[in-house]
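Notes follow the structure.
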Amino acid sequence: MKITMIGAGYVGLVSGACFADFGHDVVCVDLDPAKIEALRAGVMPIYEPGLGHLVASNVQAGRLSFTTDLTAGVAGAGAVFIAVGTPSRRGDGHADLSYVYQATRDIAAAMTGPLVVVTKSTVPVGTGDEVERILRELAPDAEVAVVSNPEFLREGAAISDFKRPDRIIIGTEDARARAVMQEVYRPLYLNQAPLLFTARRTAELIKYAANAFLATKITFINEMADLCEAVGANVQDVARGIGLDNRIGGKFLHAGPGYGGSCFPKDTLALLKTAEDYEVPSRIVEAVVQVNDARKRAMGRKILHAMGGKARGKKVGLLGVTFKPNTDDMRDAPSIAIVQALQDAGVKVAAYDPEGMDAAKPLLPGVDFKADPYAVAEGADALALVTEWDEFRALDLPRLAGVMKAPVFVDLRNVYPPEEVRRHGFAYSSIGRP
Ligand SMILES: NC(=O)c1ccc[n+]([C@@H]2O[C@H](COP(=O)([O-])OP(=O)(O)OC[C@H]3O[C@@H](n4cnc5c(N)ncnc54)[C@H](O)[C@@H]3O)[C@@H](O)[C@H]2O)c1
């Protein structure tokens, strides 16, 4: 089947390459000519492990191509996926659906035959209804069905998540659309990935409910970490102790500097806006958003506190700035608020990140980016581990202590055993551990 992916970002590019790898004929359309040119030249516009190889092999096999020409991309397709961004709308936190609706209008003008239009972007309940209304208004004679198929892949593990999903949610009540979606996902279905068919609005809400639940789990353990610090308990043991209960589960119980990234912050906000519009307040999610927002800046204060409070003119080195390892994504990364808090206190900040520095530079003005962790530590009054890249898991601690002005280590990801770091003469603090 010919599949068209509108939007070649983290989701569109990974999904498109994986669909091609299943044997489908995939065209990725993006309105950013630089992105398409780079992809045609074999250069990945994002950092995602394994993506370059997957794209290259499917391009070579003739199953994957890239274009800015939406009309040509959509012609003859059996399914068109909308995978454009849905960022928070400036000012009010609603999801900005302008890219989705523009893509819809473009599809209406370009479609040539019976078509299934699938929203893979994360969109509020009712967006599918509006997409369908636009298509029917602009192409009244077209045979078209609109499906919600939210995506659950995680950056950094996107390919394996897409190819081995816990579940595939398909929101449609249209028989033909259901058959097309079964055909699209047949290779995964054969691999026993459960396909869950629901009503379209239900599918849209599942995505927000999933992200809000995960954000709640993270925020819960972060608050427990604060309590651990106050009472002298160890949050890693608390997480293990509760996570072994099957009803709770051990995942997403790693205390840290607060969630960030391209999804949780904007999706929790958008869910609150939907809840507000329907006059069904979601108090738990409201609290999660507030607690998480406050936490990021508090991490900056934690670093200041570790230096003894008097910070003006001092130098702090940050290890990692992306919102998590194995991605170059800086959207809503905790490092942004941490750097701001440090700079507000008159601290000079240096940083190193294995893949995120190009994306970080415009977002972290005034930060001195270095080539490796040891250059960051040079002359620093404190070092903070912000993102747990593998590269930071086995640092040469004596070497770091040797080049720092004062050996203060703030481990915001609980990567190191405290005794190991302290043995090398560091004043060490972490999250929720004595
Ligand atoms: N990034 C993730 O981990 C992730 C995971 C699950 C779901 N999602 C959701 O998927 C959607 C896309 O996220 P992303 O991170 O891939 O975004 P992104 O910003 O990386 O990519 C979006 C792409 O769409 C392109 N685009 C915008 N309007 C277009 C149009 N009319 N025609 C063609 N191209 C257009 C942009 O140029 C951009 O390249 C969002 O709704 C997001 O919430 C993201």
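Sequence positions, counted from 1, serve as the residue numbers for this chain. When a ligand or atom number is given, it counts from 1 through the structure's own listing order.
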- request: May I ask you to check whether Glu151 has an N/O atom sitting below 3.5 Å from an N/O atom of ligand 1?
  value: no
message: Among Thr122, Asp267, Asp30, which one puts a heavy atom closest to atom 7 (C) of ligand 1?
response: Thr122
Side chain to side chain contact (heavy atoms under 4.5 Å, CB included) against Ala210, all qualifying residues, sequence neighbours excluded: Phe152, Arg167
query: If you measure only the distance, is there a donor-acceptor pair under 3.5 Å linking the side chains of Thr127 and Glu204?
result: no
field: For atom 16 (O) of ligand 1, the option (of Asp96, Thr86, Val11, Thr68) bearing the nearest heavy atom
entry: Val11
- request: Return yes if a side-chain donor-acceptor contact under 3.5 Å exists between Tyr428 and Arg433, otherwise no.
  value: yes
- prompt: Arg154 near ligand 1, heavy-atom distance under 4.0 Å?
  reply: no
- prompt: For ligand 1, is there an N or O atom under 3.5 Å from any N or O atom of Tyr10?
  reply: yes
message: I'd like to check whether Lys207 has a polar contact with ligand 1, where a contact means an N/O of the residue lying under 3.5 Å from an N/O of the ligand.
response: no
- prompt: Among all protein non-hydrogen atoms, which one is nearest to atom 43 (O) of ligand 1, and what is the separation to 0.1 Å?
  reply: Lys266 NZ, 2.6 Å
field: Identity and separation of the nearest protein heavy atom to atom 15 (O) of ligand 1
entry: Arg331 NH2, 2.9 Å
- prompt: Tell me: protein heavy atom nearest atom 32 (N) of ligand 1, and distance?
  reply: Ile6 CG2, 3.5 Å
task: Give a yes or no answer on whether the side chain of Arg297 reaches the backbone of Ile338 with a donor-acceptor pair at less than 3.5 Å.
output: no
field: Shortest heavy-atom approach to atom 28 (N) of ligand 1 - which of Asp32, Val84, Thr119
entry: Val84
message: So that I know where these two stand, are Tyr208 and Phe213 an aromatic pair - ring centroids less than 6.0 Å apart?
response: no
message: Pairing donors with acceptors under 3.5 angstrom, does anything connect the side chains of Asp69 and Thr67?
response: no
- request: Not counting sequence neighbours, which residues clear side chain to side chain contact (heavy atoms under 4.5 Å, CB included) with Arg283? List them please.
  value: Pro281, Glu286
Short N-O contact, Glu276 and Lys273, less than 4.0 angstrom: yes
Identity and separation of the nearest protein heavy atom to atom 22 (C) of ligand 1: Gly85 N, 3.6 Å
